[in-house]
Amino acid sequence: MNRIKILFVALIATLALASCSEDEPPAMLWEVYATPSENVNAAFDPSFYTQIQITSDGEGGEVTLRCTNYKNLQLSAKQNDNGEYVVEDFRLRATVTEPDVIKIILDKMPEDFEEKRTILYIYGTNGVTNTTGVSIVRKP
């Protein structure tokens with residue numbers, strides 16, 4: 001009877017471990033371009049929770065994000081009729097310009113603005129789905 005109990009516990013443990021070992025989808029990999037470089041800094045670091053960090057002064061600029069391993073991108077946020085994600089008080093517009101490219105435009109801020117932060121999430125699908133977080137900071 002003890003052997004049956006031990007065998008049953010071993011079987012349950014094996015099933016539990018096997019169900020936890022599912023492979024996670026590969027992390028999204030990005031090429032990041034920011035212009036003009038004196039106004040906008042952008043970087044990709046997969047070790048951060050928000051893997052892409054963008055910092056811009058009040059003058060703004062553009063950031064182009066090209067995903068190298070997921071070809072169908074979507075913005076997680078609600079988009080307007082033109083397909084753009086817009087945050088008026090942040091002077092931010094983001095859109096999918098190609099299946100693997102996101103363009104973020106940071107327009108000029110008012111002179112007296114205070115530091116603002118937001119996070120944009122991008123979903124990628126390529127047989128599997130994964131997410132990248134984009135941290136965006138506007139500093140006076």
Side-chain angles (χ1 to χ4, degrees):
M1 187 63 146
N2 281 339
R3 282 187 181 204
I4 293 175
K5 287 180 183 178
I6 292 172
L7 184 59
F8 183 71
V9 169
L11 180 62
I12 297 292
T14 303
L15 289 173
L17 290 174
S19 66
C20 293
S21 65
E22 291 182 29
D23 292 331
E24 289 187 25
M28 296 175 78
L29 302 175
W30 295 91
E31 295 174 355
V32 179
Y33 310 96
T35 58
S37 60
E38 61 270 10
N39 298 344
V40 183
N41 294 311
F44 168 63
D45 187 339
S47 67
F48 285 14
Y49 173 72
T50 51
Q51 298 90 358
I52 298 173
Q53 297 82 41
I54 299 171
T55 304
S56 175
D57 64 12
E59 294 300 312
E62 293 185 8
V63 177
T64 302
L65 308 173
R66 179 178 297 278
C67 187
T68 61
N69 62 338
Y70 285 79
K71 300 301 177 197
N72 297 306
L73 302 179
Q74 292 182 329
L75 298 169
S76 67
K78 185 176 181 184
Q79 298 161 18
N80 65 18
D81 293 338
N82 297 330
E84 288 183 320
Y85 166 69
V86 178
V87 181
E88 293 292 336
D89 65 332
F90 212 82
R91 304 281 171 102
L92 170 117
R93 294 177 283 138
T95 188
V96 178
T97 59
E98 296 176 36
D100 61 343
V101 176
I102 303 283
K103 172 84 70 176
I104 299 172
I105 298 172
L106 299 161
D107 293 321
K108 186 172 180 170
M109 295 291 284
E111 292 293 324
D112 59 345
F113 82 99
E114 295 182 15
E115 183 173 312
K116 296 180 175 283
R117 297 173 180 271
T118 191
I119 296 176
L120 174 66
Y121 291 98
I122 302 169
Y123 293 100
T125 305
N126 198 19
V128 293
T129 301
N130 209 337
T131 306
T132 292
V134 181
S135 171
I136 304 170
V137 179
R138 300 294 304 261
K139 291 185 175 186

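Along the sequence shown, residues carry numbers from 1. What you see is a predicted model; the values in this text were computed from it and never measured.
Of all heavy-atom pairs between P36 and G61, the closest is CD-CA, 3.9 Å. For the pair V40 and S56, the tightest heavy-atom approach, listed with the atom from each and the gap, is CG2-OG, 3.8 Å. Between N69 and N126, the closest heavy-atom pair is O-ND2, 2.9 Å. Minimum heavy-atom separation, Y70 to P25: OH-CB, 3.6 Å. Across all their heavy atoms, A34 and V63 have their closest contact at CB-CG2, 4.2 Å. Across every non-hydrogen atom of V32 and F44, the tightest pair is CG2-CB, 3.8 Å.
Residues that satisfy the side chain to side chain contact (heavy atoms under 4.5 Å, CB included) test with F48, not counting sequence neighbours, are D45, Q53. Taking the side chain to side chain contact (heavy atoms under 4.5 Å, CB included) definition, one finds that Y33 meets it with E31, T64, sequence neighbours left out. The side chain to side chain contact (heavy atoms under 4.5 Å, CB included) search around A27 returns none, not counting sequence neighbours.
In this structure a side-chain-to-backbone donor-acceptor pair under 3.5 Å is missing from Y85 to S76. Here the side chain of N80 pairs a donor or acceptor atom with the backbone of N82 at under 3.5 angstrom. A distance-only check finds no donor-acceptor pair linking the side chain of R138 to the backbone of K116 [under 3.5 Å].
F90 and I105 fall into different hydrophobic clusters, defined by Ile, Leu, Val, Met, Phe, Trp and Tyr side-chain heavy atoms under 4.5 Å apart, directly or through other members. Both V128 and W30 are members of a single hydrophobic cluster when ILVMFWY side chains are connected at heavy-atom separations under 4.5 Å. There is a path of hydrophobic side-chain contacts, each under 4.5 Å, that joins V87 to I136.
Environment of CD in E115: crowded, with over 12 heavy atoms of neighbouring residues, nucleotides or ligands closer than 6.0 Å. Atom NZ of K71 has more than 12 neighbouring heavy atoms from other residues, nucleotides or ligands inside a 6.0 Å radius. Atom CD of E38 sits in a crowded spot, with more than 12 heavy atoms from other residues, nucleotides or ligands closer than 6.0 Å.
Note: D57 CG to F113 CZ = 7.0 Å, rounded to the nearest 0.5 Å. The distance from the OG1 atom of T97 to the CZ atom of R66 is 7.5 Å, given to the nearest 0.5 Å. Rounded to the nearest 0.5 angstrom, E98 CD and K103 NZ are separated by 9.5 Å. In this structure, the separation between CD1 on I122 and CG on L75 is 6.0 Å, given to the nearest 0.5 Å. Atom CD of E62 and atom CG of D107 lie 9.0 Å apart (nearest 0.5 Å). Taking CG of N72 as the start and OH of Y123 as the end, the distance is 15.5 Å to the nearest 0.5 Å.
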What verdict does the side chain to side chain contact (heavy atoms under 4.5 Å, CB included) test give for L106 and I54, after you've listed the backbone C-alpha separation in whole Å, the side-chain angles of each residue and the deciding distance to 0.1 Å?
CA-CA 10 Å; L106 299 161; I54 299 171; 4.1 Å; yes
Going through the distances and angles, do E84 and Q79 end up as a side chain to side chain contact (heavy atoms under 4.5 Å, CB included)?
CA-CA 5 Å; E84 288 183 320; Q79 298 161 18; 6.0 Å; no
Walk me through it: do N130 and T132 pass the test side chain to side chain contact (heavy atoms under 4.5 Å, CB included)?
CA-CA 7 Å; N130 209 337; T132 292; over 6 Å; no
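For the pairing with L65, the side-chain contact (heavy atoms from CB on, under 4.5 Å) check across I104, V96, V101 returns one residue only, I104.
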